[in-house]
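Chain identifiers are assigned alphabetically (A, B, ...) following the order of the sequence lines, protein sequences preceding nucleic acid strands; residue numbering begins at 1 within each chain.
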Amino acid sequence: MAQIRKNKERSTPALSTSSLPDIIFMFLFFFMAITTMKEVTFKVRVSNPLASEVEKLENKSLTRYIYVGKPMEEYKKVYGSETRIQLGDAFADVSELQRFIVNERSAMKEEEQPLMVVSIKADKETKMGIINDIKKELRNANALKINYAATKRSKID
Amino acid sequence: MGKKRSAGEINSSSMADIAFLLLIFFLVTTSMSTSTGLSRRLPPPPPPDWKPQETEINKRNLFEVKINSENKLLVQKVEMSLGELKEKAKEFIKNEANDPDMPVLFKVNIPLLGEMSITKEHVISLQNDVDTQYQAYIDVQNELVAAYNELRDELSKERFGKLYNELDEEHQKAIQAVYPMKISEAEPKKYGGTQ
């Protein structure tokens, strides 16, 4: 026994840090995978209305967005300056909304389908006419859980 | 042959730092921002052979809020500013004085709260014009939600000594039963122009 222990001085071995970069990279990829850089490229200008009683939208994977607003400068030539609807990455007409919802819903898992929330992200200058049309189409598409996107502000008293 | 010449090792101790930097960069730049908004439930689509009809809602149970194209409010046929709406709505939902112009009170036994008189059949109907601005619509929605939230907070403060949001699910359910949120997303009418 005694001869195994050499008369060398005993020192704690240095903790190997060679796997640290791998761990950190794993973290990095994990975060890159779960965070979304952005939902879509905006083709319409949306500045959210303000409201004080907002709730958080918990589940992003269950939420689909409808953007309503005036086209950005670079699209004004083609699409005019009237309020337009954007579904996914493209401009759309109200009549296409129902198909969009049905497509999006059928792409979801079956058990999650009834939980789908449609968030209407409309510019605060929008006229209610177009919102009413959207709501009507959503009703027809049986997408009844909706959310009016709004940014939090403090209460007015 | 002599010893194999070993290639000099690359010092990888700074690798971790580089990876950390990248990690922090991604944490900062990616938006974890949760979207916020006002959640609503639309009524189910009408059946194909449905015709608009006079609904049998008792007039006193109905709280009408109309917004015209100039974003002005008409509440229960009275012109009103946005600031007054919340108090008016609270008064209506509560109907403490059992006013005959306000919704019918029902005595209901609610678990955890005992017997309460509640206006379970009240409906807040929100109608808007085609030209109403979205912000004005959201403002009104917001005030109505605020009215409910305040009533719920008041009741839960009085009974449980806590705010509504701090209660557990069971207690929240009880409070909800007293003040169920009933904001009707009715089909808008084009009423402004014809009168």
[X], part contacting chain B, at a heavy-atom distance under 4.5 Å:
X	answer
A:Ala141	neither
A:Ile146	both
A:Thr63	neither
A:Ile120	both

Joint hydrophobic cluster, B:Met80 plus B:Leu144, side-chain heavy atoms closer than 4.5 Å:
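Yes, B:Met80 connects to B:Leu144 through the hydrophobic network.
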Verify the distance criterion only: is there a donor paired with an acceptor across the side chains of B:Gln135 and A:Glu125 at less than 3.5 Å?
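B:Gln135 vs A:Glu125: no donor-acceptor pair found between side chains.
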May I ask you to test the A:Lys145-B:Arg41 pair for a side-chain heavy-atom distance under 4.5 Å?
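When only atoms from C-beta onward are counted, B:Arg41 and A:Lys145 do touch, with a gap below 4.5 Å.
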Student check: side-chain heavy atoms of B:Leu42 and A:Leu138 closer than 4.5 Å:
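Side chain of B:Leu42 against side chain of A:Leu138, heavy atoms only: contact under 4.5 Å found.
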So does [X] have more than 12 non-hydrogen atoms from other groups sitting under 6.0 Å from [atom1]?
X	atom1	value
B:Lys88	NZ	no
A:Glu111	CD	yes
B:Glu169	CD	no
B:Lys173	NZ	no
A:Phe27	CZ	no
A:Met72	CE	yes
A:Glu74	CD	yes

Closest approach of A:Asn132 and B:Asn128, non-hydrogen atoms and distance?
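Of all heavy-atom pairs spanning A:Asn132 and B:Asn128, the closest is ND2-ND2, 3.1 Å.
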I'd like to know whether A:Arg153 forms a salt bridge (Lys or Arg N to Asp or Glu O under 4.0 Å) with B:Asp139, so could you lay out the CA-CA distance, the side-chain angles of the two residues, the decisive distance to 0.1 Å, and finally the verdict.
CA-CA 11 Å; A:Arg153 65 155 162 77; B:Asp139 279 339; 3.6 Å; yes
Reported [atom1]-to-[atom2] distance for the pair [X] and [Y], which is rounded to 0.5 angstrom:
X	Y	atom1	atom2	value
B:Leu23	A:Phe30	CG	CZ	11.0 Å
B:Tyr134	A:Thr83	OH	OG1	12.5 Å
A:Met128	B:Ser69	CE	OG	13.0 Å

Highest number of heavy-atom pairs under 4.5 Å with chain B: which of A:Asp123, A:Val54, A:Leu144?
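Option with the top pair count is A:Leu144.
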I need the residue from B:Ile138, B:Val145, B:Ile18 with the largest number of non-hydrogen atom pairs under 4.5 Å to chain A.
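Looking at each option in turn, the highest pair count goes to B:Ile138.
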Whether B:Asn142 side chain and A:Glu53 backbone form a donor-acceptor pair below 3.5 Å
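Yes; at least one donor-acceptor contact below 3.5 Å.
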Aromatic contact, B:Tyr137 with A:Tyr148 (centres under 6.0 Å):
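Aromatic pair counts; centres sit under 6.0 Å.
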